[in-house]
There are 2 protein chains.
Amino acid sequence: MATLREVAAAAGVSTATASNVFNGTGRVSDAVRARVVETAAALGYAGPNPAAASLRRGRVGIIGVVLAEGLGYALGDPAAGAFLAGVAEVGDAADVGLTLLPVPPGRPDRTGPTARGLPTLERAIVDGAIVYSIEEDSPALPTLVARRLPLVAVDSPRDATEAPWVARVLVRDRDAAADAATHLAALGHRRVAVVVDRLTSAARTGRAPWSQARQATSSVIRERLAGYADAWRRAGLPLSALEVHEAGANSVEAGQQLARDLVTARAPVTAVACVSDVLALGMTQGARELGLGVPRDLSVVGFDDSPLAAQVGLTSVAQPLREKGETAARALLAALAGQPVEARTELPATLVVRGSTGPPAQGEAARPR
Amino acid sequence: MATLREVAAAAGVSTATASNVFNGTGRVSDAVRARVVETAAALGYAGPNPAAASLRRGRVGIIGVVLAEGLGYALGDPAAGAFLAGVAEVGDAADVGLTLLPVPPGRPDRTGPTARGLPTLERAIVDGAIVYSIEEDSPALPTLVARRLPLVAVDSPRDATEAPWVARVLVRDRDAAADAATHLAALGHRRVAVVVDRLTSAARTGRAPWSQARQATSSVIRERLAGYADAWRRAGLPLSALEVHEAGANSVEAGQQLARDLVTARAPVTAVACVSDVLALGMTQGARELGLGVPRDLSVVGFDDSPLAAQVGLTSVAQPLREKGETAARALLAALAGQPVEARTELPATLVVRGSTGPPAQGEAARPR
DNA sequence: TTGAAAGCGTTACCAA
DNA sequence: TTGGTAACGCTTTCAA
């Protein structure tokens with residue numbers, strides 16, 4: 001591999017001049033420029049080595065996006081896709097690349113500089129990172145904070161690390177979740193299941209008590225659950241009739257499986273509120289498989305209002321996913337540029353009612369209103 | 001920012017020893033290790049600078065994945081997600097990170113070292129790259145080839161760059177596309193639309209002549225079209241009754257829009273074969289919107305057999321998406337390790353028949369068989 | 001087990 | 001407009 005120095009030598013110019021040729025910077029005469037370019041081609045010079053340039057410049061032109069769950073999993077959720085699209089758009093415009101940093105849950109949380117616990121995060125070549133919706137007990141944020149990287153945390157209100165420079169982007173989904181529960185209560189539902197992928201890093205499945213639900217490691221989940229509960233109480237209904245169930249994973253299959261269990265329960269619910277559209281879709285399909293009509297026998301509410309929801313007519317809580325990504329990216333770029341950054345940005349969320357919710361089948365519960 | 005040298009000095013050791021502490025490499029006494037670690041913490045040392053380490057090591061531990069269309073667009077297609085999941089899995093296992101390099105189509109194709117045509121690609125900090133299903137007139141592959149990077153091209157059989165070291169991963173989808181057309185012909189369909197997102201970089205919409213279809217810039221599209229045509233001819237049917245239509249984009253909406261146009265045509269088709277599941281889903285929804293039954297009034301075949309297809313019962317051509325990603329990643333890692341690499345790997349594809357295809361409504365065409 | 005020193009390939013300052 | 005040159009922060013022989 002030819003180097004800049006070799007090219008410069010062969011072209012009879014200094015490395016400084018050669019560098020200028022390849023960077024468009026500085027004034028170089030056309031004659032010299034042509035000669036350098038030609039020599040480079042002859043030598044098969046591939047252009048400045050990015051790692052070297054980055055070292056020298058002190059910045060690499062790449063931001064990282066930390067995703068829970070591993071890439072395959074994360075990309076399976078259209079919500080993550082929309083978020084990333086927002087990040088990518090802003091990044092593209094600023095000519096900044098994107099590195100995806102998946103952090104599978106449950107990796108041993110080793111600490112100390114010698115332990116190679118999260119090697120990807122510890123050594124990722126990025127100028128800063130956006131940490132997207134990871135669980136609060138994840139070592140990801142502390143690892144990044146230890147690197148003193150400019151950081152934007154999305155959907156994680158609490159900062160366990162106490163790092164003051166970490167900007168936050170949140171969605172006010174607690175209120176929107178409350179709207180969803182209110183909607184169901186108003187329709188006349190009196191026994192409702194709240195479906196989460198899981199409450200802790202451990203993949204469990206089945207009903208969980210509220211005492212446990214309140215301890216969910218993901219703040220997003222906690223907030224949404226709190227929203228449902230708020231509204232339920234406000235409607236004067238007993239929390240015991242708002243069951244929390246873990247599906248074990250955030251996937252259509254997990255939702256489908258859970259639907260079977262839920263529907264065959266002794267006291268079946270008449271509606272389910274899910275923390276993602278993917279789960280909601282699974283519930284819908286599971287219910288239909290068992291011969292139940294949606295919303296006739298089971299009302300289903302999703303979360304995220306991903307493209308999926310509109311496609312299948314799912315009532316869902318809409319959060320501005322793309323905008324969330326854009327906001328996070330803009331905040332990070334601002335921090336990188338040394339500009340002041342909003343420490344905390346809150347985005348709104350709203351309930352979008354579609355065809356998957358309706359009054360419960362008669363006799364099951366009180367009438368609407 | 002503290003540096004390794006400063007830490008070493010403060011701890012009273014050489015930089016070599018300090019480096020060993022942070023790399024787990026070499027033998028360092030526990031006493032010294034503890035002292036270094038402690039000093040690092042006191043000084044707020046963030047760990048070795050990745051850019052510097054990469055420069056020194058000569059490798060960065062990251063592979064790039066080049067995606068056409070911009071990230072948002074690419075992630076909207078579940079097929080791309082599945083592919084990426086395969087890449088990520090193999091990458092993860094090898095402790096190699098992933099950088100996404102979106103290449104929006106239609107960017108001016110400038111060349112030469114001074115023109116800053118595709119800055120992201122020209123300066124991406126990667127050890128090698130996987131180029132996924134991009135159009136053949138895209139400057140992306142030449143740009144990367146110019147950097148002499150180890151490369152794996154997925155779904156692009158022709159190598160315009162003549163770079164011998166570019167490995168290829170292909171799916172035999174021509175034959176599978178033929179199976180799809182044969183399936184439709186056998187069901188009795190005599191007038192079928194083939195729906196592509198687009199034939200050239202320019203987003204056009206509407207019917208295109210076969211003369212133009214054969215020139216599609218994407219080899220994947222060309223192959224699939226050729227497959228449909230092969231089978232159609234083999235069934236003894238006239239190519240004029242196999243209409244090629246451009247939807248303008250690879251999205252549900254585009255498919256939906258096209259469905260409206262197709263169905264209201266003078267001589268409506270009784271079946272459509274789409275080059276993606278996303279388009280097929282759009283066609284299905286568009287048809288239903290207009291009161292048409294699927295498959296009663298319109299049979300729909302998708303492509304990719306993405307998770308989507310199974311969810312909505314779409315007949316689709318299954319290609320091993322995840323395996324494709326794994327294969328590509330493995331090939332690249334092998335090349336990076338200096339091992340010999342299969343210059344060309346072909347993966348199979350097969351037709352999966354589900355509920356979206358059936359015989360045409362009576363009177364519309366000949367009987368099945 | 002530890003240290004000295006030689007770069008890795010650039011960029012950017014300042015002077016000519 | 002061009003050239004000299006000093007870093008950028010680290011890893012890695014090789015010798016002690």
Side-chain angles (χ1 to χ4, degrees), chain A residues 1-37 39-40 43-61 113-114 116 122-127 147-149, chain B residues 1-37 39-40 43-61 113-114 116 122-127 147-149:
Chain A
M1 288 273 69
T3 71
L4 184 67
R5 179 146 51 213
E6 288 164 18
V7 172
V13 300
S14 71
T15 60
T17 301
S19 176
N20 278 335
V21 168
F22 290 106
N23 286 293
T25 337
R27 254 131 287 295
V28 181
S29 70
D30 286 350
V32 171
R33 159 166 284 122
R35 190 145 42 93
V36 172
V37 167
T39 321
L43 262 49
Y45 178 61
N49 175 322
S54 298
L55 171 58
R56 180 58 238 235
R57 284 211 179 95
R59 57 182 299 277
V60 294
T114 57
R116 320 183 76 229
E122 279 164 2
R123 326 183 73 114
I125 308 183
V126 297
D127 291 324
R147 284 182 57 181
R148 310 279 141 99
L149 284 176
Chain B
M1 288 274 69
T3 70
L4 184 65
R5 179 147 49 209
E6 289 163 18
V7 173
V13 300
S14 71
T15 60
T17 300
S19 175
N20 278 336
V21 168
F22 291 106
N23 286 291
T25 337
R27 255 133 290 295
V28 181
S29 69
D30 285 349
V32 171
R33 156 166 287 120
R35 187 145 42 92
V36 171
V37 167
T39 319
L43 262 50
Y45 178 62
N49 175 319
S54 299
L55 171 58
R56 179 59 236 232
R57 283 213 178 93
R59 56 183 299 280
V60 293
T114 57
R116 320 181 76 227
E122 280 164 1
R123 328 182 73 116
I125 309 184
V126 297
D127 289 325
R147 284 183 57 183
R148 308 281 141 99
L149 284 177

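Sequence lines set the chain letters: A, B, ... in the order given, protein chains first and strands last, and positions in each chain run from 1.
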Would you mind writing out the side-chain donor-acceptor pairs for residues 44-58 of chain B within the sub-3.5 Å range, not counting sequence neighbours?
from: B:Y45; atom 1: OH; to: B:G47; atom 2: O; distance (Å): 3.4
from: B:N49; atom 1: OD1; to: B:A51; atom 2: N; distance (Å): 2.7
from: B:N49; atom 1: OD1; to: B:A52; atom 2: N; distance (Å): 3.1
from: B:S54; atom 1: OG; to: B:P50; atom 2: O; distance (Å): 2.7
from: B:R57; atom 1: NH2; to: B:N23; atom 2: OD1; distance (Å): 3.1

Whole-Å gap separating C1' (D:dG9) and CG (B:L43):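 Distance, rounded to whole Å: 15 Å.
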Residues which pass side-chain hydrogen bond (donor to acceptor under 3.5 Å, both in side chains) with B:T39, listed by chain and number, not counting sequence neighbours: none
Shortest non-hydrogen separation from A:V13 to A:R35 and the atoms involved: CG1-NH1, 4.2 Å
Heavy-atom pair with the smallest gap, counting every atom of B:T15 and B:R5: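 For B:T15 versus B:R5, the nearest heavy atoms are CG2-CA, 3.8 Å.
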Protein proximity profile, nucleotides 4-14 of chain C - base contact B, sugar-phosphate-only contact S, no contact -, cut-off 4.0 Å on heavy atoms: BBBBBBBBB--
Whether B:R123 side chain and A:G61 backbone form a donor-acceptor pair below 3.5 Å: no
